[in-house]
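One structure below.
Below, read A as the first sequence line, B as the second, and so on, with proteins coming before strands; counting in each chain starts at 1. Heavy-atom basis, side chains included; hydrogens, waters and symmetry copies ignored.
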Number of protein chains: 2
Amino acid sequence: MRALNRVIYSLPRAIDADMLREQGLPLIEYLTLMHLSEAADRQLRMSELATICELSLSGMTRVVQRLEAQGFVQRVRCEQDARGWNAVLTDAGFARLEQAWPTNLAATRRHFIDHLAGLDLKQLAAAMQKIAS
Amino acid sequence: MRALNRVIYSLPRAIDADMLREQGLPLIEYLTLMHLSEAADRQLRMSELATICELSLSGMTRVVQRLEAQGFVQRVRCEQDARGWNAVLTDAGFARLEQAWPTNLAATRRHFIDHLAGLDLKQLAAAMQKIAS
DNA sequence: AGTCCTTGCTTGACGAAGCAACTATACGGC
DNA sequence: GCCGTATAGTTGCTTCGTCAAGCAAGGACT
């Protein structure tokens, strides 16, 4: 139980540190790009993005500001609702995601997956799907 | 893989939020008390505490300052090395830990363990030990 | 003892994220 | 069409954690 607590707390920190060191891309920005890349038309409303990233709306505003400044995301007014903004993944953003992807995978393996000897990874994957939803 | 990323990122946030809402005790402070309670004489050097909590030394200084202000730990000079300080868990700190423990357990269950149907929890526990070390 | 380097910890400055207050747009009732 | 309320996002302020610099004590070499 202690060990579980420690792992839960330190795993994202370890992965974030790796991403930052090897790619200069914080985990939260990577995840934001990742979620955008999977969305229809590679775009999402700010509020949807915030929800899916489990971030406050104001936090999301700032992440997108940083990504926009780097040219990875563009903000466009929502057509149906002029209050809303869509964050759109640019080609540069998609390329950045592809570039950073192996690092994320390697970090996740190194800090987590490689230690799961004896566990049924298929079932684990199913459980993750369930938790994430 | 996406799901795993999301879970790794959001699980500690969810548990921290629960701890804060139900106990007013952030996860990092809970973990600090927990680690101290398990140490010999319920005390640890600042640097050991920082390492075990996977926090920077300066971050640990600040956490211990907050815990000290609440009366949950005391700081005493290290006998063998006057540069060092030991953080000592007080009785009040131990009581606080016992009080917060069920909330932590419940949160961990709710957000994680309960979703692991079909997995061998013994092996998972072993894997966690391995990762944590 | 005196000088120099190292180690343990704290402090100052800064970036990141949250909450609450604010602005702008939408929508329902009249 | 006009008013009041609700919703989408941003901004100001505060808090937390990190890095780099600082300080104080240890330890080595002379």
Side-chain angles (χ1 to χ4, degrees), chain A residues 6 9-21 24-33 36 43-70 72-88, chain B residues 9-21 24-33 35-36 43-70 72-88:
Chain A
R6 281 195 61 190
Y9 183 78
S10 57
L11 193 51
R13 299 168 67 92
I15 294 176
D16 184 47
D18 281 12
M19 296 288 293
L20 206 52
R21 182 165 36 77
L25 187 71
L27 182 56
I28 182 64
E29 296 183 10
Y30 175 82
L31 291 177
T32 304
L33 297 179
L36 281 176
Q43 56 184 284
L44 284 170
R45 293 282 290 259
M46 291 301 292
S47 48
E48 293 175 306
L49 198 49
T51 303
I52 208 173
C53 290
E54 307 233 16
L55 209 63
S56 67
L57 193 49
S58 60
M60 200 71 245
T61 294
R62 270 128 190 178
V63 171
V64 169
Q65 281 170 351
R66 298 198 293 271
L67 290 173
E68 194 181 17
Q70 298 171 84
F72 299 151
V73 160
Q74 244 188 317
R75 291 158 34 86
V76 298
R77 275 240 175 241
C78 190
E79 285 165 15
Q80 310 89 315
D81 184 345
R83 289 169 304 179
W85 290 87
N86 280 26
V88 189
Chain B
Y9 184 78
S10 58
L11 192 51
R13 298 169 69 91
I15 294 176
D16 184 47
D18 281 13
M19 295 288 294
L20 206 51
R21 182 166 35 76
L25 187 71
L27 181 56
I28 183 62
E29 296 184 10
Y30 174 82
L31 292 177
T32 304
L33 296 180
H35 286 305
L36 281 176
Q43 57 183 283
L44 283 172
R45 293 283 289 259
M46 291 301 294
S47 48
E48 294 175 305
L49 198 49
T51 304
I52 208 173
C53 289
E54 308 234 16
L55 209 63
S56 67
L57 193 49
S58 57
M60 200 70 246
T61 295
R62 269 131 189 173
V63 170
V64 169
Q65 281 170 350
R66 297 199 295 272
L67 289 172
E68 193 181 19
Q70 298 170 83
F72 298 151
V73 308
Q74 244 187 316
R75 289 157 36 85
V76 297
R77 276 246 173 235
C78 189
E79 287 164 16
Q80 310 88 317
D81 184 344
R83 289 169 305 179
W85 289 88
N86 280 26
V88 189

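What separates CD1 of B:Ile28 from C1' of C:dG18 is a distance of 18 Å, to the nearest Å. Rounded to a whole Å, the CD atom of B:Gln80 is 11 Å from the P atom of D:dG27. Atom CD of A:Glu48 and atom C1' of D:dG9 are 14 Å apart (whole Å). In this structure, CG of B:Leu20 is placed 19 Å from P of D:dT14, rounded to the nearest angstrom. Rounded to whole Å, atom P of C:dA24 lies 18 Å from atom CE of A:Met46. Summarising the geometry, the separation between CG on B:Leu67 and P on D:dG17 is reported as 11 Å, rounded to the nearest angstrom. Between the C1' atom of D:dA8 and the CG atom of A:Leu49 lies a distance of 14 Å, rounded to the nearest Å. When the C1' atom of C:dA16 is taken as reference, atom CG of A:Asp16 falls 11 Å away, rounded to whole Å.
Of the candidate nucleotides C:dA13, D:dA6, D:dT10, D:dA6 has the atom lying nearest to any side-chain atom of A:Arg83. Taking only side-chain atoms of A:Leu57, from C-beta outward, the nucleotide of D:dG9, C:dA26, D:dA25 with the closest atom is D:dG9. When each of D:dG17, C:dA17, D:dT10 is scored by its nearest atom to the side-chain atoms of B:Arg13, the top-ranked nucleotide is C:dA17.
Between A:Asp16 and A:Leu27 the shortest heavy-atom distance is OD1-N, 2.8 Å.
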**Request:** Dump the intermediate steps for side chain to side chain contact (heavy atoms under 4.5 Å, CB included) on B:Arg13 and A:Leu55, then the final yes or no.
**Result:** CA-CA 9 Å; B:Arg13 298 169 69 91; A:Leu55 209 63; 3.3 Å; yes
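Using a 4.0 Å heavy-atom cutoff across all strands shown, B:Thr61 reaches at least one base atom of the nucleic acid. Heavy atoms of B:Arg45 sit under 4.0 angstrom from primed sugar atoms or phosphate atoms, though from no base atom.
Environment of CD in B:Glu68: crowded, with over 12 heavy atoms of neighbouring residues, nucleotides or ligands closer than 6.0 Å. Within 6.0 Å of atom CD in A:Glu54, more than 12 heavy atoms from other residues, nucleotides or ligands are found, so the atom counts as buried in its surroundings.
Between B:Asp18 and B:Arg21 there is a salt bridge, since at least one side-chain N of the basic residue sits less than 4.0 Å from a carboxylate O of the acidic one.
A:Ser47 has a side-chain polar atom (N or O) that falls below the 4.0 Å cut-off from OP1 or OP2 of D:dG9. For C:dT10, the OP1/OP2 oxygens have a side-chain nitrogen or oxygen of B:Arg75 closer than 4.0 Å.
Each of A:Asp81 and B:Asp81 has a nearest nucleotide on DNA chain D; the 5'-most of these lies closest to A:Asp81. Along DNA chain D, the nucleotide nearest to A:Gln65 and the one nearest to A:Tyr9 differ in position, and the one closer to the 5' end is contacted by A:Gln65.
At a cut-off of 3.5 angstrom, counting only N and O atoms as typed in the model, there is a donor on one side and an acceptor on the other between the side-chain of A:Ser58 and the base of C:dC19. Judged by distance alone, with hydrogens and angles left aside, B:Arg66 brings no side-chain donor or acceptor close enough to the base of D:dG17 to form a pair under 3.5 Å.
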